[in-house]
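All remarks here apply to the structure that follows.
Letters A, B, ... mirror the listed sequences (proteins, then strands); counts begin at 1.
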Amino acid sequence: MAEPVAETDLKQTPLHDLHVELGARMVPFAGYAMPVQYKAGIMAEHLQTRSKAGLFDVSHMGQAFLVGPDHETTARALEALTPSNFVELGLGRQRYTVLLNDEGGIIDDLMVTRSVSEEDDGRLMLVVNAARKDVDYAHFRSRLPENVRLEVVEDRALIAVQGPEAVAAVAAHAPKAADLAFMSAAPMEFDGIDCHVARAGYTGEDGVEMSVPAGAAEAIARALLADERVEPIGLGARDSLRLEAGLCLYGHDIDEMTSPVEGAITFCMQKRRREEGGFPGAERIQRELAEGPGRVRVGLRLDGKAPAREGAEIALPDGAVVGTVTSGGFAPTVGAPIAMGYVPAEHAAIGTALELVVRGRRLPATVAEMPFVPNRYYRKPKS
Amino acid sequence: MTTYYSKDHEWISVDGDVATIGITSYAQEQLGDVVYVELPESGKTLSQGDEAAVVESVKAASEVYAPIDGEVVEANDALADEPAKVNEDPEGAAWFLKLKVGNTAQLSDLMDEAAYKAYVETL
């Protein structure tokens, strides 16, 4: 049994003391001491999120703004660094995108939100991965035009509430949360505290992510945890939830070598950008869009019970190794092991039989549709 | 019958020349929900420190090491169908394997229950 890594010089989120009080097991993650699980355990926390609601501290993630003189200017500046359409992003709307290097590889994946009010327009809010903050910020600073600046936010926490009961639980304190459309955001009061709430998340469930003043984070978390529908959820279940949802984890499923086409996240590229190009690595990405990528991220279902982890080789049945698993584990909702990894395009069709090499044994697996568990994002009822 | 403990959180209960091996309650708590156990074949010869089994939790795979030399005489195949037993009864029904003891002297490298308890307190 391996020993855990020593915790030295780790940063703490505003919810650190609450995690400890709730009995969390704290681990080092991207330079922070973070809860990997609470008393209930990863399995129970995962199922809690799928059936009711889970509260996640995601304050380690980076929050920042791009600030320019008007929306068009700020949006164009971001479009020069990403393959998404921000010029036509509506007020209060949110979009997933990737920051690209000059070879079309992914520097980071991030969420971008346009201000909801016209008076405050020209600001785009960014949420970036904890481990990539410094790289991202340096990239922005070196590439932004003079009239658009990066404003890093240091005094706010980020709380995600996810699951079928999540929005109802939040709306008990912030009624306006119930009116948000999926992938949209608005400022609102939570028990009188000014918050910025987005209807989004990274679990495949309906829910919100709330940017809150650091000093009020604990009060907000306690208010939510007092609701019998809400339990605290650690990074362990966050990882198994996003894997079931077929979502990429930066540094594992996507990285500086991976293009958005290989990563099967071309949904972040809207039609105008695909056609016009004008983003870093456009030549490679447009070629991959037209001809298909050489390799592509696929979902994998294993026949047996043994999980295949990151790094396991993907092979043809009784044949050569053709790829590598980038994320894998036991899927509590599916009740079986699942994985994601890269294979040559000719072996990527749904239903293709493959083998995963785990500790020298070859385990049968099948290319499967993602998400592994159907998404339950909120869709506004038709009026 | 005497039970010994390793610093790697295995327990080993010796009865005559057969040793039953599992992981401690502390170990299963650290692992969290166990979802899969890989066990050795009977007849396999293990040296002290060799990988004897693999236990997979939701989060990660961890090795279980042979605390002493020996030949595998039985593996607890019931764990294949019910890996969660490792969380429920780690120091009882959820034993991993039985070894024919190869070198009794190696038992003196291990801790008794009191020493193991004191060791866990330091972690």
Can a side-chain donor-acceptor contact be found between [Y] and [X] if the only test is distance below 3.5 angstrom?
X      : Y      : answer
A:T49  : A:Q162 : no
A:D109 : A:N129 : yes
A:H46  : A:S240 : yes

Regarding [X] and [Y], does a basic nitrogen lie under 4.0 Å from an acidic carboxylate oxygen?
X     : Y      : value
A:R50 : A:E205 : yes
B:K98 : B:D15  : no
B:E88 : B:K85  : no
B:K59 : A:D239 : yes

Less than 6.0 Å separating the ring centroids of B:H9 and B:Y116? yes
Checking an interface table here. Which of residues 100-111 of chain B come within a heavy-atom distance under 4.5 Å of chain A? none
Which portion of [X] sits near chain A, non-hydrogen atoms under 4.5 angstrom:
X     : result
B:S6  : neither
B:E56 : both
B:V54 : side chain

Those residues of residues 303-324 of chain A, ordered by number, that approach chain B below 4.5 Å (heavy atom to heavy atom): A:K305, A:A306, A:P307, A:R309
Among all residues two or more places apart in sequence or in another chain, which pass the side chain to side chain donor-acceptor pair (under 3.5 Å) test with A:K52? none
Taking only residues two or more places apart in sequence or in another chain, which ones pass ring pair (Phe, Tyr, Trp, His ring centres under 6.0 Å) with A:Y202? none
Pick whichever of A:R25, A:Q37, A:R361 has the most heavy-atom pairs under 4.5 Å with chain B. A:R25
Other residues, nucleotides, ligands: >12 heavy atoms within 6.0 Å of B:E51 CD: yes
